[in-house]
Protein chains: 4
Amino acid sequence: VFVHDNRVALAGVKNLPNSTLNEISQDVVKVITNHHSAIVSSRDFHPNDSIIKTNHSIIGGNHFIFMAGPDSIESAEHVLEMGRQVKAAGATILRGGAFKPRTSPYSFQGNGEVGLKAHRAAADELGMDMITEILDTRDVDLVDSYTDIFQVGTRNMQNFALLKALGQKRKPVVLKRGMSATIDDLLNAAEYIAAGGNTQIMLMERGIRTYDNKYTRNTIDVSAIPVLQSLTHYPVIADASHAAGVAKFVTPLALAATAAGSQGLMTEIHDDPEHAFVDGAQALTPEAFSQLADKVRKIHDIVAHDNSEY
Amino acid sequence: VFVHDNRVALAGVKNLPNSTLNEISQDVVKVITNHHSAIVSSRDFHPNDSIIKTNHSIIGGNHFIFMAGPDSIESAEHVLEMGRQVKAAGATILRGGAFKPRTSPYSFQGNGEVGLKAHRAAADELGMDMITEILDTRDVDLVDSYTDIFQVGTRNMQNFALLKALGQKRKPVVLKRGMSATIDDLLNAAEYIAAGGNTQIMLMERGIRTYDNKYTRNTIDVSAIPVLQSLTHYPVIADASHAAGVAKFVTPLALAATAAGSQGLMTEIHDDPEHAFVDGAQALTPEAFSQLADKVRKIHDIVAHDNSEY
Amino acid sequence: VFVHDNRVALAGVKNLPNSTLNEISQDVVKVITNHHSAIVSSRDFHPNDSIIKTNHSIIGGNHFIFMAGPDSIESAEHVLEMGRQVKAAGATILRGGAFKPRTSPYSFQGNGEVGLKAHRAAADELGMDMITEILDTRDVDLVDSYTDIFQVGTRNMQNFALLKALGQKRKPVVLKRGMSATIDDLLNAAEYIAAGGNTQIMLMERGIRTYDNKYTRNTIDVSAIPVLQSLTHYPVIADASHAAGVAKFVTPLALAATAAGSQGLMTEIHDDPEHAFVDGAQALTPEAFSQLADKVRKIHDIVAHDNSEY
Amino acid sequence: VFVHDNRVALAGVKNLPNSTLNEISQDVVKVITNHHSAIVSSRDFHPNDSIIKTNHSIIGGNHFIFMAGPDSIESAEHVLEMGRQVKAAGATILRGGAFKPRTSPYSFQGNGEVGLKAHRAAADELGMDMITEILDTRDVDLVDSYTDIFQVGTRNMQNFALLKALGQKRKPVVLKRGMSATIDDLLNAAEYIAAGGNTQIMLMERGIRTYDNKYTRNTIDVSAIPVLQSLTHYPVIADASHAAGVAKFVTPLALAATAAGSQGLMTEIHDDPEHAFVDGAQALTPEAFSQLADKVRKIHDIVAHDNSEY
């Protein structure tokens with residue numbers, strides 16, 4: 001049973017007899033039966049935007065947040081230098097992977113705890129928040145001892161054991177949409193975290209898998225942004241880097257996501273994309289990121305008040 | 001054989017021996033073998049943006065065009081009034097359907113030539129261009145006698161007989177992307193028109209079919225906009241109305257398409273959406289369209305020079 | 001209003017008041033409101049399998065039919081020789097294209113009326129039925145003067161002008177499923193033909209477009225076969241050639257379609273696949289087709305009575 | 001570096017200079033560069049079918065295996081009774097879930113270790129192999145202490161931490177294809193297990209996510225069966241229950257998968273589908289399963305020798 005003000009949802013109750021409903025539903029209470037199952041995550045029970053506050057960032061509502069950094073933590077010096085440059089461009093959250101989910105087992109799998117340490121040190125020195133991906137329930141406490149924000153990747157969106165473990169933490173979680181996850185799948189995955197009591201959740205659109213990936217790696221579904229904002233109170237953020245897959249299309253996709261109402265952007269950057277350990281093809285240079293951020297801020301100013309319409 | 005400046009493409013020639021290539025390729029000529037087949041449509045052979053000029057509109061390059069109007073021509077009075085309102089908001093092209101491609105044969109199929117006449121009269125009175133959909137090769141001359149711009153709908157994108165017939169005309173054609181057409185399919189469909197000598201072509205992204213259509217009718221593929229602009233010289237325009245399928249999501253999708261670099265928008269409007277003959281659910285009111293147009297112009301100003309990057 | 005025995009459907013009537021329903025629905029009549037729109041095509045109004053009889057074939061019910069031949073009519077001699085061989089293997093319907101819908105305008109477009117003549121002559125000499133594709137409403141009478149069965153290709157499944165024109169004929173039509181057509185889209189397209197009075201319709205599954213086409217050209221949706229048979233009374237046939245796109249996978253897909261309940265197969269064959277004018281990669285040799293047909297007959301014997309379960 | 005007989009693959013080496021290749025490639029060694037990354041799993045390096053032997057089953061090659069049982073372990077009595085009935089129909093492997101990956105956190109999540117115990121006891125009493133799903137790396141040893149075969153579900157196909165953990169075991173693993181996994185994704189996921197030294201792998205086609213799920217829950221991709229068999233030496237098995245989602249379509253899909261060359265079937269059965277804890281809609285009754293198994297054996301006899309063609 002979920003209650004908000006005068007609204008009550010009975011999870012799992014699909015067909016309450018009308019007679020019973022009439023008894024319950026009086027002026028003070030509105031019973032919602034047959035509600036979709038992601039109840040804690042629903043705007044019906046939390047009409048206002050959720051705002052997430054970290055040490056260095058305010059996320060949600062009309063705030064706009066930049067998460068940027070290298071795909072993987074390559075070295076302490078490199079992540080620090082990349083962090084310095086993205087901070088200068090306006091980013092407050094430093095991204096970077098220590099555990100990398102690679103399609104092939106023979107590809108570089110990340111630097112592990114060495115990477116986490118370098119990432120933490122860079123974030124501390126720069127006064128930024130740290131976000132990094134978690135792949136394994138057995139690593140939750142380890143990653144928790146370093147990061148400010150957990151990231152769940154597209155391949156683990158329905159790794160329910162991992163979601164439950166993160167639901168026991170009280171730290172923000174970025175949940176990336178699965179490659180072919182429906183809107184409802186994504187909301188239910190978020191509900192796995194929320195059901196454990198952790199409602200500091202951000203949802204991330206990062207491109208879906210469609211029938212054409214010749215020119216872009218995935219198809220960014222910008223419509224998911226306003227649709228999710230109409231259904232849930234969590235901040236919705238876009239990752240144009242993985243959506244595009246090639247640097248030259250990252251900027252138009254990031255601008256599009258912003259215009260659609262995205263409340264933030266995650267962007268991969270690298271000062272030497274050709275020699276990046278992972279996904280160099282889609283990395284922006286720090287200069288390109290800085291130019292992107294300028295345009296994003298202008299577009300966000302035009303569309304920001306739109307969020308409140310949902 | 002296609003030639004542009006010092007570039008030559010040999011259609012259908014996939015593997016020219018290197019020895020032959022070396023003989024041909026001297027300083028004055030660059031032979032491109034294994035080029036994709038949409039050669040006339042390719043930016044390789046027409047590096048600059050194509051600009052299409054009609055009586056009342058300039059389309060392409062950094063120009064931005066609004067095509068708006070009712071889904072179907074309901075009456076002479078109605079299309080005139082709708083035209084008046086979209087013109088006030090900045091539209092120069094009046095859209096409206098006289099022949100409607102409906103999923104069911106028992107749905108309203110359009111008012112036919114009566115609709116064409118009313119549409120033409122409204123466009124003339126208002127000083128706007130007329131665009132309407134053509135469904136049948138047997139109607140090409142009839143529609144040609146009324147319209148300024150032909151529209152080929154998503155279901156006919158690979159109706160090659162129709163495309164060939166339009167290739168024989170010398171009037172602009174808007175070619176909507178098929179529901180599951182790849183980028184290459186769309187370029188090849190355009191090439192069917194171009195091969196007949198008619199290169200006044202606009203390509204339109206209108207949402208593709210994906211695995212989730214619970215909240216929107218289609219999934220708008222904004223990445224198609226910069227991808228197409230990188231491959232072809234034709235103007236690329238977006239139809240957010242059919243992509244969204246519901247009015248409340250038309251605006252964010254239209255803004256996103258603009259931010260991605262769209263060179264125009266087609267939008268369905270209706271003053272009484274609930275009683276529209278066709279697709280009322282996705283129609284904006286004239287007021288909502290006017291507000292949308294204001295934001296679109298601001299975003300276009302921010303991103304417009306990006307087009308030249310491709 | 002559609003009536004079958006004691007069932008009545010009111011097309012377009014979605015919400016008849018219960019009080020009205022109670023008045024109408026008496027023992028003798030069952031009113032079906034909110035029925036999907038493909039009413040003539042529905043098994044609800046035609047519970048038994050439709051059987052289509054041509055000069056040389058009985059199609060539908062527990063009968064199994066082979067349509068085979070070259071992709072395109074290359075010459076009078078060639079189609080005659082191919083026909084002779086597929087007839088020996090059990091085919092009664094000779095396929096071949098005179099008008100070819102090619103992705104690129106620069107690909108071979110078919111031999112036109114010359115091809116139709118050669119095709120007709122071969123079918124007559126061999127005592128087979130002729131089936132060929134129609135692309136253009138303007139060609140309906142021409143093609144009608146040669147063929148026994150019309151074929152509507154995947155790209156024209158929602159070419160409603162063409163479907164309407166074929167609805168005016170009284171000859172069988174094979175309607176191929178569109179590349180991303182839903183089951184309901186296909187039924188509604190069939191209804192366009194049926195609404196004109198022509199109910200000699202066969203539906204053909206030929207592979208849909210999905211996110212993976214690296215190893216096969218399309219993804220054959222064998223589930224469409226029993227699903228369609230449960231919803232409509234028309235024969236359902238499969239084209240494993242276009243689904244596979246490569247010869248080595250045609251046989252397993254054809255066997256799978258047969259096991260799923262397909263009431264026939266369309267197969268492309270060629271005695272010299274490498275030099276076929278069109279789609280040689282997916283053509284079976286006549287010998288391979290003969291071996292395939294033997295296995296198909298055995299599997300059909302095992303599953304044939306299943307059709308009656310729907 | 002991977003070696004099989006006279007073939008050598010250099011993983012990660014994309015462009016070895018021809019001069020180097022010529023030096024290496026002599027009569028005794030064939031160097032394969034640019035091989036796809038799933039090398040241990042590739043038929044290029046293991047040309048013959050892998051055969052997996054368990055206590056009660058022989059899997060792979062021309063053998064055909066039935067895995068059947070309830071979706072979830074409901075009680076010790078129930079799983080024993082269901083096992084008795086599926087064994088009578090020919091199944092040698094008893095399936096059942098103790099940890100259930102449910103879309104919503106509020107749905108029944110399985111009976112956990114209590115379920116594992118009941119499952120093990122039933123398998124032992126009946127002389128069957130046990131297969132059950134594993135969701136969490138932390139449960140690998142627990143599940144290992146009960147089961148004969150691990151099952152990795154569609155949502156965890158790219159849970160690389162889990163795959164690596166199973167690669168350290170020496171027990172067979174059934175790896176289900178992800179909902180939108182490409183063939184290459186599936187092979188690479190299998191390679192994660194194989195890279196750890198565990199090559200007792202079965203691949204399972206269970207239906208993919210496409211644009212139409214109105215009548216079936218997923219779209220079974222039967223072409224994946226021969227395609228996978230051409231690329232890898234692992235047994236390929238089909239799950240028609242999850243593909244269909246409704247009982248009435250399970251049989252035709254299972255027959256189709258068999259005809260396409262599947263080397264086994266996983267089927268959910270329940271004696272009282274309406275009251276099943278999970279997924280009752282798609283469960284066959286034991287009687288229906290028995291009839292299905294009879295037809296499957298007949299079809300397998302017709303197509304079995306086809307496997308050797310790849």
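Here is the naming used below: chain letters follow the sequence lines, and residue numbers restart at 1 for every chain.
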So C:Met202 and C:Met67, do their side chains get closer than 4.5 Å, heavy atoms only?
yes
State, without any angle test, whether C:Tyr234 and C:Ser41 hold a side-chain donor-acceptor pair at a distance under 3.5 Å.
yes
Are C:Asp271 and C:Thr285 close enough that a side-chain donor and a side-chain acceptor fall under 3.5 Å?
no
Which bit of [X] comes within less than 4.5 Å of chain D, counting heavy atoms only: side chain, backbone, both or neither?
X: C:Ser180; result: both
X: C:Leu231; result: side chain
X: C:Thr216; result: side chain
X: C:Lys214; result: side chain
X: C:Ile299; result: both
X: C:Ala181; result: backbone

Which bit of D:Ser223 comes within less than 4.5 Å of chain C, counting heavy atoms only: side chain, backbone, both or neither?
both
Check each atom of D:Ile183 against the heavy atoms of chain C and say whether the ones under 4.5 Å are side chain, backbone, both or neither.
both
Out of the candidates D:Arg177, D:Arg209, D:Met179, only one should pair with D:Thr154 under the side-chain contact (heavy atoms from CB on, under 4.5 Å) rule; please name it.
D:Met179
Can a salt bridge be assigned to the pair D:Lys176 and D:Glu205 using a cut-off of 4.0 Å between side-chain N and carboxylate O?
no
Out of C:Asp221, C:Thr210, C:Asp184, return the one with the most heavy atom pairs under 4.5 angstrom to chain D.
C:Asp184
With chain D, which of C:Asp185, C:Asn213, C:Thr219 has the greatest number of heavy-atom pairs at distances under 4.5 Å?
C:Thr219
Assign the ring pair C:His300 / C:Phe64 to parallel, tilted or perpendicular, where the plane angle (0 to 90°) is split at 30° and 60°.
tilted
Criterion side-chain hydrogen bond (donor to acceptor under 3.5 Å, both in side chains) against C:Asp294, the qualifying member of C:Gln291, C:Lys298, C:Arg297:
C:Arg297
